[in-house]
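Following: one structure in structure tokens, then a few remarks.
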Amino acid sequence: MLKNLLAVVVIAAAPVLQAQVRVVESSPQSTRSGVAQSGLPASAETDVYSQIRALQDEVTLLRGLLEEQTYELKQLKQLQLDNYMDLDRRLSGGVRPVIDDASVDDLPPVATTAASSVSNLPDSASESDVYKAAYDLLNQKDFDGAVAAFNEHLNRFPRGVFASNSHYWLGKVAMLKKDYPQAKSWFTELIANFPSAAKVPDAQLDLGKVYFLMGEKAKAKSLLSEVAAGSTDAARLAQKFLSDNF
């Protein structure tokens, strides 16, 4: 009888014991997390982290490329401005024909306007503003003021977008003043230091003329023949000079 009673008690208590076992087995997981688990294995979480880092690196790279393209666009805008200014002067019969066809003695004196001097521009002035101020003096035939202004431009922006142009116009003014050694120096520096500049063919043309005027006709003919073989406006002028003088 006692054995039968104990068996009944054991059978009745079995479900309670099984429930306690289930609670004990499940409790460590809940205690460790404290929150709902992601359900991702450790390797998957590592992959997600790596992908996030890769995306961050890609964003940094794209920002760098954007900054570079912004800078290049700014340079192109400045070059476009300079080309427009040069073309406008040519079409309007501005300073370039005057420099080519006249000498300082043939031109009326021009009073230097202090307000237009580059030295009066603030240190924060952009390169295009400094260059334009110098170019305006040249267009006004204030050659001494222009020389000082172009030199000031080169002092402020020795490797600037318009640096090759300042070299060119300094050479042209020196040529106009019959200071051929100085003209030769400016044109030579332009060609050597800015080989891809748009002014190089013009500088080569004028350097060839300087050689001719200095009596170095062999050098003149060699350089002018090189220019004449090109397809620029300078090539046509070089061909004419060779035809007229050789």
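The aromatic rings of Phe150 and Tyr131 are tilted relative to each other, their planes meeting at an angle between 30° and 60°. Between Tyr135 and Trp169, the ring planes lie perpendicular to each other; the angle is over 60°, past the 30° to 60° tilted range.
In this structure, the side chains of Trp186 and Leu190 stay at 4.5 Å or more apart for every pair of heavy atoms.
Rounded to the nearest 0.5 Å, atoms NZ (Lys219) and OG (Ser222) are 10.0 Å apart.
Phe246 and Ala220 make their closest contact through CZ-CB, 4.4 Å (heavy atoms, listed as atom of the first residue, atom of the second, distance).
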Does Phe187 form a side-chain contact (heavy atoms from CB on, under 4.5 Å) with Tyr211? I'd like the steps, not just the answer. CA-CA 11 Å; Phe187 293 140; Tyr211 282 142; over 6 Å; no

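For the residue pair Ser126 and Asp129, a side-chain donor N or O sits within less than 3.5 Å of a side-chain acceptor on the partner.
A cation-pi arrangement is found for Arg159 relative to Phe194, the charged atom lying closer than 6.0 Å to the ring centre and inside a 45° cone about the ring normal.
Although no hydrogens or angles enter the test, the distance criterion places a donor-acceptor pair under 3.5 Å between the side chain of Ser225 and the main chain of Lys221. Using a distance-only test at 3.5 Å, with no hydrogens or angles considered, a donor-acceptor pair links the side chain of Gln239 to the main chain of Ala228. Side-chain N or O atoms of Thr60 include one that pairs as donor or acceptor with a backbone N or O of Gln56 at under 3.5 Å.
Exactly one residue among Arg156, Lys132, His153 makes a side chain to side chain donor-acceptor pair (under 3.5 Å) with Glu127. That residue is His153.
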